[in-house]
There are 2 protein chains.
Amino acid sequence: MSQAREPVQIRQTDSRTAILESAERAFADQGFGGASIRAIAREAGVNQAMVHYYYQNKDQLFRSVVARRSGQVNDRRNDALDALFQDGIPGLEELMEALLRPTIEIGHDDAHGGPAYARLIVAFNNAADERSQNVAKEYYDPIARRSIDAMRRVVPALGKAEAVRSYLFAISLALSLMAKTGRAARLSDGLCDDSDTEETVANAVAFACAGIRALANKNNIQNRQSG
Amino acid sequence: MSQAREPVQIRQTDSRTAILESAERAFADQGFGGASIRAIAREAGVNQAMVHYYYQNKDQLFRSVVARRSGQVNDRRNDALDALFQDGIPGLEELMEALLRPTIEIGHDDAHGGPAYARLIVAFNNAADERSQNVAKEYYDPIARRSIDAMRRVVPALGKAEAVRSYLFAISLALSLMAKTGRAARLSDGLCDDSDTEETVANAVAFACAGIRALANKNNIQNRQSG
DNA sequence: ACCGGCCTTAATCAAACGTTTAATTAATGG
DNA sequence: CCATTAATTAAACGTTTGATTAAGGCCGGT
């Protein structure tokens with residue numbers, strides 16, 4: 001009688017993702033320049049040549065880290081957008097929650113290295129260097145454009161420039177909530193927890209929606225005055 | 001007849017500040033780990049040993065870069081707070097403009113390396129590593145605490161935790177406006193200019209105030225329900 | 001003229017860096 | 001069972017890193 005046969009590929013898969021997760025932590029904590037491939041390999045428990053074997057070089061290793069996570073987040077955001085607009089036009093709160101919740105939740109997922117990715121994504125979100133912008137363009141611009149269009153359908157008074165700013169504001173909000181720098185806890189003497197995902201989402205959505213409506217009104221008034 | 005005597009320190013100051021400004025650009029563009037002292041010295045037009053002569057090591061060089069700029073910003077913010085509360089309690093819009101304007105303006109000051117510092121400060125504002133948090137604690141926590149207290153005086157309904165979050169949100173907004181990553185321009189097909197300082201300040205203040213009031217209301221409602 | 005304190009220099013150090021190589025081991029398919 | 005492929009290893013490559021050293025130039029004061 002034959003045993004249930006396993007895929008037998010014990011060796012490969014472990015190393016590949018171990019490197020990826022170690023790299024995620026290293027890039028998040030020390031930046032691209034500060035992270036060293038040697039340390040990444042050491043912490044992953046693999047030979048340092050394995051990093052190049054699987055990912056060629058440091059640049060592509062970085063891209064691979066971002067690619068994996070951005071897929072996880074943006075698939076959820078795209079699905080949520082599909083569902084929301086299927087039955088007409090949703091409310092602004094629903095829309096913003098659909099956009100921000102996946103980002104916040106993955107950052108709060110301690111068991112799967114969420115906080116490390118949160119710190120990483122925050123760092124490169126506001127970075128102006130060519131590598132960061134290329135990665136942002138490839139992995140985050142498509143969902144950004146779709147989100148901005150959705151925001152303008154939900155709040156018609158929102159001009160394109162205001163919508164872009166609002167989107168970037170909202171993302172920046174959500175990211176600042178994910179990156180547990182310890183500063184919020186320090187400044188609030190421990191009152192700000194930020195481990196409560198639901199409260200975090202609620203705060204981000206409330207703040208963002210109010211801000212967006214304010215920009216929409218401002219835009220409206222300007223148009224009325226000048227038109 | 002004696003000539004008007006100058007402080008005579010012609011030699012020193014040039015190299016000192018040349019290093020500081022070169023370092024500011026390097027740290028902003030490549031991060032702490034990615035920036036090299038050799039490149040910093042080269043771009044400053046000095047021997048690389050001069051960097052250690054004036055700033056001992058890379059860590060203190062970084063601190064010196066932040067110290068200089070944070071002084072410029074926070075002196076202005078402190079003065080504005082003093083003036084605002086001299087004649088009673090100001091409005092929220094006035095308060096937030098006092099807090100955000102200096103930050104935004106220094107980031108827009110192209111002639112004096114503002115954009116470089118903007119990118120630098122954005123990068124380390126959301127960083128969780130020990131060095132960044134130590135620098136933040138030393139150079140930005142005092143004004144942060146004072147600002148948070150001021151916000152609660154202006155909006156009494158704002159709880160402490162909400163005030164801390166609001167402050168961090170608002171700063172995060174202003175910073176995302178300063179860091180000209182090119183992403184806003186790209187996503188808006190050039191519509192978002194961000195070089196217009198007044199419009200930038202107005203947008204940030206409007207968005208932040210609306211968000212803060214939303215969090216204050218949310219807090220109020222919760223208290224009423226649970227009390 | 002000479003001294004003493006800044007400022008500046010070129011040269012050097014050990015350590016760490018990213019990357020490549022050649023050789024070894026383990027699994028797969030015919 | 002052998003040939004092929006994939007995974008892994010130790011070692012080394014040349015370069016760059018942060019930091020230190022010793023030597024000298026500049027300049028006002030005496």
Side-chain angles (χ1 to χ4, degrees), chain A residues 2-66 129-132 135, chain B residues 2-66 129-132 135:
Chain A
S2 64
Q3 296 244 147
R5 226 178 319 166
E6 298 163 77
V8 207
Q9 42 178 331
I10 337 152
R11 285 172 84 200
Q12 185 210 35
T13 9
D14 277 343
S15 294
R16 256 198 101 101
T17 69
I19 292 169
L20 217 52
E21 281 161 13
S22 174
E24 184 171 81
R25 268 169 280 150
F27 286 139
D29 290 340
Q30 347 218 35
F32 182 86
S36 96
I37 290 188
R38 296 168 126 87
I40 289 171
R42 197 184 321 126
E43 213 201 325
V46 305
N47 188 284
Q48 83 173 275
M50 296 296 294
V51 178
H52 294 91
Y53 178 73
Y54 282 120
Y55 301 101
Q56 289 77 54
N57 55 44
K58 203 178 177 184
D59 239 278
Q60 294 209 42
L61 174 60
F62 180 78
R63 296 178 72 90
S64 300
V65 168
V66 175
D129 64 291
E130 200 177 323
R131 172 177 33 251
S132 298
V135 173
Chain B
S2 64
Q3 295 243 150
R5 225 178 317 167
E6 296 163 78
V8 206
Q9 42 179 301
I10 336 157
R11 285 168 82 201
Q12 184 209 36
T13 10
D14 274 343
S15 293
R16 257 199 100 99
T17 71
I19 292 169
L20 218 52
E21 281 162 14
S22 173
E24 184 171 83
R25 267 169 280 152
F27 285 139
D29 290 339
Q30 345 216 39
F32 181 85
S36 95
I37 292 189
R38 293 171 130 87
I40 289 171
R42 197 185 319 123
E43 214 202 324
V46 305
N47 187 282
Q48 89 173 268
M50 297 294 294
V51 178
H52 293 93
Y53 177 73
Y54 284 121
Y55 300 101
Q56 289 77 54
N57 56 44
K58 202 179 178 184
D59 239 278
Q60 294 207 45
L61 174 61
F62 180 78
R63 296 179 73 88
S64 299
V65 169
V66 176
D129 64 292
E130 200 178 323
R131 173 178 31 254
S132 297
V135 173

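Naming: A, B, ... by sequence-line order, numbering from 1 per chain. Basis for what follows: all heavy atoms, side chains included, without hydrogens, waters or symmetry-related copies.
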Distance in angstrom units between [X] [atom1] and [N] [atom2], rounded:
| X | N | atom1 | atom2 | value |
| --- | --- | --- | --- | --- |
| Gln56(B) | dT21(D) | CD | P | 14 Å |
| Gln48(A) | dA10(D) | CD | C1' | 10 Å |
| Met50(B) | dG25(D) | CE | C1' | 13 Å |
| Ile37(B) | dT20(D) | CD1 | C1' | 12 Å |
| His52(A) | dA7(D) | NE2 | P | 17 Å |
| Arg38(B) | dT20(D) | CZ | C1' | 12 Å |
| Ile40(A) | dC17(C) | CD1 | P | 10 Å |
| Lys58(A) | dT19(C) | NZ | C1' | 12 Å |

Tyr54(A) side-chain proximity, nearest of dT20(C), dA7(D), dT9(C): dA7(D)

Hey, does the Lys NZ or Arg CZ of Arg16(B) hover above the aromatic six-ring of Tyr55(B), less than 6.0 Å from the centre and inside 45° of the axis? yes

Should Leu61(B) and Tyr54(B) be marked as a side chain to side chain contact (heavy atoms under 4.5 Å, CB included) after you check the CA-CA gap, both sets of side-chain angles, and the distance that decides it? CA-CA 9 Å; Leu61(B) 174 61; Tyr54(B) 284 121; over 6 Å; no

Given Val51(B), which partner from the list Asn57(B), Leu20(B), Ile19(B) fulfils the side-chain contact (heavy atoms from CB on, under 4.5 Å) test? Ile19(B)

Counting distance only, does the side-chain N/O of Ser64(B) pair as donor-acceptor with the main-chain N or O of Gln60(B) below 3.5 Å? yes

Sugar-phosphate, base or nothing in reach of Ala35(A), heavy atoms under 4.0 Å: sugar-phosphate

Let me know, please, whether Asn47(A) or Ala39(A) comes out on the 5' side of the other along DNA chain C by nearest nucleotide. Ala39(A)

Please determine whether a side-chain nitrogen or oxygen atom of [X] lies at a distance below 4.0 Å from atom OP1 or OP2 of [N].
| X | N | answer |
| --- | --- | --- |
| Tyr53(B) | dC7(C) | yes |
| Ser36(B) | dT17(D) | yes |
| Ser15(B) | dC7(C) | no |

Evaluate the criterion side chain to side chain contact (heavy atoms under 4.5 Å, CB included) for residue pair Val135(B) and Arg63(B); output intermediate values, then yes/no. CA-CA 7 Å; Val135(B) 173; Arg63(B) 296 179 73 88; 3.9 Å; yes

